[in-house]
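Below: one structure, written as structure tokens.
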Amino acid sequence: MATKKSVTQQSISSVLSEERLFPPPDGFSERNSIGNARALARLRTQAAANPVAFWEEQAQRITWRKPWRRALQWKHPHAQWFVGGKLNAAENCLDRHLDSWVRTKAALIWEGEDASQRTLTYQQLHAEVCRCAHALQAYGIQPGDVVAIYMGMVPEAVIAMLACARIGATHTVVFGGFSSDALRDRINDSNAVCLITQDVAFRRGAEVDLYSAAATALKKTPSIRNVLVVQRSPLQRRLKPGRDEWWHQAVARHEGSHAAQAFDAEHPLFILYTSGSTGKPKGICHTTGGYMVHVATTMDYVFDISPRDVYFCTADVGWITGHSYIVYGPLSQGATVLMYEGAPNYPGPDRFWDIIARHRVSIFYTAPTAIRAFMKWGEQWPKRHDLSSLRLLGTVGEPINPEAWMWYHRVIGQGRCPIVDTWWQTETGGIMIAPIPGITPTKPGTATMPLPGIVVDVVRKDGTSCKANEGGLLVVQHPWPGMLRTVHGDDERYRQTYWSDFPKARGREGWYFTGDGARRDADGYVWIMGRVDDVVNVSGHRLGTAEVESALVSHPLVAEAAVVARPDVVKGNALVAFVTLKAGAGTDDIDALRTTLRNHVAVEIGHIAKPDDVRFAEALPKTRSGKIMRRLLREIVSGGTVSGDTTTLEDFSVLEALRAGEE
Ligand code: WTA
């Protein structure tokens with residue numbers, strides 16, 4: 001029984017014990033745009049027979065200035081969608097709502113951590129975006145130029161993104177939790193000409209000095225010509241003259257209307273850096289037309305959104321969820337987006353529930369790691385608030401363990417709200433696998449089935465389909481409109497990372513490999529098991545272990561480092577670093593050194609990447625060819641017993657079996 005295979009089989013069957021099925025609640029599907037189960041089945045059949053025709057149909061949701069000539073041009077592994085079509089993404093989020101009643105309703109309701117509030121109607125948001133667009137154009141920014149955005153969760157972050165889209169500049173948002181060095185590298189890789197930032201951001205009552213971090217980065221970013229700084233704190237500070245300007249001065253000069261130019265469907269909309277299996281983050285490139293169609297469609301099908309909803313997505317605009325499901329998706333649909341600046345437990349662990357009750361939020365979208373934290377804090381916190389306005393709940397970012405799903409369903413949804421567990425990636429642009437609320441029966445722990453128009457399979461390494469409940473690799477077999485187009489400046493890496501595992505071969509078009517392990521159950525539901533590459537999700541943040549390793553070895557005392565993940569009850573995964581020190585490096589105070597190294601990673605990448613544990617070793621276990629035996633290290637760190645829900649732990653051993661060729 002000790003063989004790898006038997007461990008895998010055992011694990012799979014124990015995870016399989018999840019058999020609860022939740023039928024759609026009565027009445028929910030009445031206004032759903034698909035209708036009923038029969039209509040959905042028909043839509044699936046049609047879309048499977050002709051995915052391109054399905055997406056062409058969906059593209060009607062978007063306002064085009066010029067119709068496309070060809071819906072899909074596919075030259076493996078490069079896709080172009082809606083070729084010849086022209087549109088403006090900002091116009092699709094704003095201007096198109098100005099001739100209906102939506103014009104005067106809230107587009108953005110913002111709540112600061114300090115309880116300050118701002119509401120911008122569609123008309124007001126439009127005016128702000130227009131002013132900012134003029135300000136950027138006054139800097140000489142041209143279509144195709146890259147603008148970096150390094151901000152916290154303030155309305156100006158959304159305004160800045162839409163202003164870029166309006167003038168055809170490509171934005172690259174760098175999460176405000178990243179360090180100065182991480183910002184510098186992303187600016188240099190993207191060759192950004194302008195940076196939009198703010199003086200400070202608020203997090204758990206403390207100020208995060210974004211401007212100082214930006215100023216340090218800017219010493220080594222020759223491409224940046226202009227810096228626009230939003231003032232969030234009343235404290236005055238000096239900006240660098242000539243280069244920097246306050247937002248409220250630069251933007252206020254301009255008028256609140258702006259004639260938007262239409263851009264090609266394939267015009268680059270944004271670059272978003274994400275972690276991969278090397279030390280260098282990848283600049284994922286998304287374009288305009290297909291992306292807008294994908295996010296608009298999923299907002300309707302998966303979130304059932306309408307202009308009457310108040311929709312609260314807790315992601316940060318620095319991640320893909322913030323791009324697709326705080327900005328482009330919901331605004332394209334005329335929804336009211338609730339945007340919250342700070343931490344979920346500030347000033348108390350009920351901040352989110354308080355927000356939901358006061359703003360009568362109807363749709364709430366968060367991450368499993370947050371749900372596990374809420375569980376830990378206790379159900380007395382949500383119970384203090386009136387959550388009766390909620391009608392739909394969503395999760396994203398990592399597999400949700402059934403225990404957390406049940407808690408979310410019972411305590412937050414009060415047994416009334418469908419849960420949409422949405423599987424997707426920075427690379428996919430929009431949601432790929434998710435239930436249709438009100439139609440698809442759900443099971444705790446699975447994102448259920450691919451959306452119509454999305455073709456996925458779970459396969460073995462040789463490309464053959466897995467049997468029901470056999471663990472395998474998740475692939476996407478047909479191009480989809482929101483897909484990434486390339487890796488910025490490195491098309492070879494794009495080919496290698498996503499398209500080399502299942503290349504074009506006889507009888508096969510060449511498939512996109514997601515990097516995730518999964519299984520399909522007998523009902524065809526997809527259960528994601530987690531990453532099979534060296535990418536880990538820590539508290540919903542996507543990190544590359546190689547990035548953390550290269551940060552560690554950049555410390556003068558470190559000779560070698562290997563970073564692996566271990567399952568963690570709240571964070572999903574926690575990082576454990578094994579470090580060997582250089583000969584002669586003093587190790588008198590191990591605890592101090594541990595702190596030094598963790599802080600060093602925070603400086604190199606950001607606090608989110610700090611290893612939870614640093615272990616020192618004389619040598620790292622290696623194969624004869626000199627490869628570090630990460631599998632062994634992972635076994636060591638996950639060997640301890642984990643109390644509570646162990647689903648993640650069990651899947652861990654399945655993943656080990658799926659990881660190829662690693663000794
Ligand atoms: C994981 C976030 C299970 C998965 C939008 C994927 C999920 C990675 C789910 C992408 C889910 C995301 N169930 N796993 N519902 N959603 N993942 O790029 O491993 O930050 O490959 O995009 O998160 O993370 P990223």
Side-chain angles (χ1 to χ4, degrees), residues 15 173 175 177 272-277 281-284 286 294-295 298 302 313-326 328-329 365-372 393-402 404-405 408 419-435 442-451 454 456 458 473-476 482-484 487 497-498 512-519 525-545 547 565 571-573 608-609 647-648 651-652 654-655 658-659:
V15 177
V173 184
F175 173 57
L272 185 59
Y273 285 85
T274 190
S275 298
S277 42
K282 299 174 282 203
I284 302 300
H286 283 286
H294 192 156
V295 296
T298 46
V302 181
C313 166
T314 69
D316 191 283
V317 288
W319 306 115
I320 190 69
T321 307
H323 284 58
S324 304
Y325 298 110
I326 290 180
Y328 294 105
Y365 191 30
T366 194
T369 183
I371 298 168
R372 289 190 297 264
L393 304 174
T395 77
V396 60
E398 56 184 308
I400 183 165
N401 45 316
W405 195 101
Y408 199 31
I419 295 180
V420 288
D421 174 354
T422 62
W423 178 88
W424 58 296
Q425 309 179 298
T426 304
E427 291 86 344
T428 68
I431 296 169
M432 304 288 277
I433 305 180
T442 52
K443 302 180 192 182
T446 161
T448 74
M449 292 207 250
L451 296 174
I454 299 295
V456 308
V458 176
L473 305 169
L474 182 68
V475 295
V476 188
M483 68 190 273
L484 78 166
V487 171
T497 310
Y498 305 107
Y512 169 87
F513 177 43
T514 61
D516 278 348
R519 69 178 169 87
Y525 281 29
V526 179
W527 297 72
I528 304 290
M529 292 165 172
R531 306 284 311 195
V532 298
D533 54 10
D534 292 321
V535 172
V536 265
N537 273 305
V538 179
S539 299
H541 298 306
R542 177 166 160 179
L543 294 168
T545 50
E547 256 174 278
K571 296 169 143 195
N573 290 288
I608 52 167
T647 315
T648 342
D651 280 353
F652 215 66
V654 181
L655 288 178
L658 290 170
R659 288 188 173 108

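From a predicted model like this one, the values you see are computed outputs, not experimental measurements. First listed ligand is number 1; within each ligand, the first listed atom is number 1.
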Non-neighbouring partners of T448 that pass side chain to side chain donor-acceptor pair (under 3.5 Å), sequence neighbours left out:
none
Please check if the distance between the ring centroids of Y498 and Y512 is under 6.0 Å.
yes
Quick check against the 3.5 Å criterion: does T428 have a side-chain atom that pairs as donor or acceptor with the backbone of W424?
no
Protein residues near ligand 1, heavy-atom distance below 4.0 Å?
I320, T321, V396, G397, E398, P399, D421, T422, W423, W424, Q425, T426, D516, I528, R531, N537, R542
Once side-chain contact (heavy atoms from CB on, under 4.5 Å) is applied, do any residues pair with T426, and if so which ones, sequence neighbours excluded?
L272, T274, I284, I320, R542
Mind checking side chain to side chain donor-acceptor pair (under 3.5 Å) for W405 and listing every partner two or more places apart, or none if nothing turns up?
none
Under a plain distance cut-off of 3.5 Å, with no hydrogens placed, do T298 and Y325 share a side-chain donor-acceptor pair?
yes
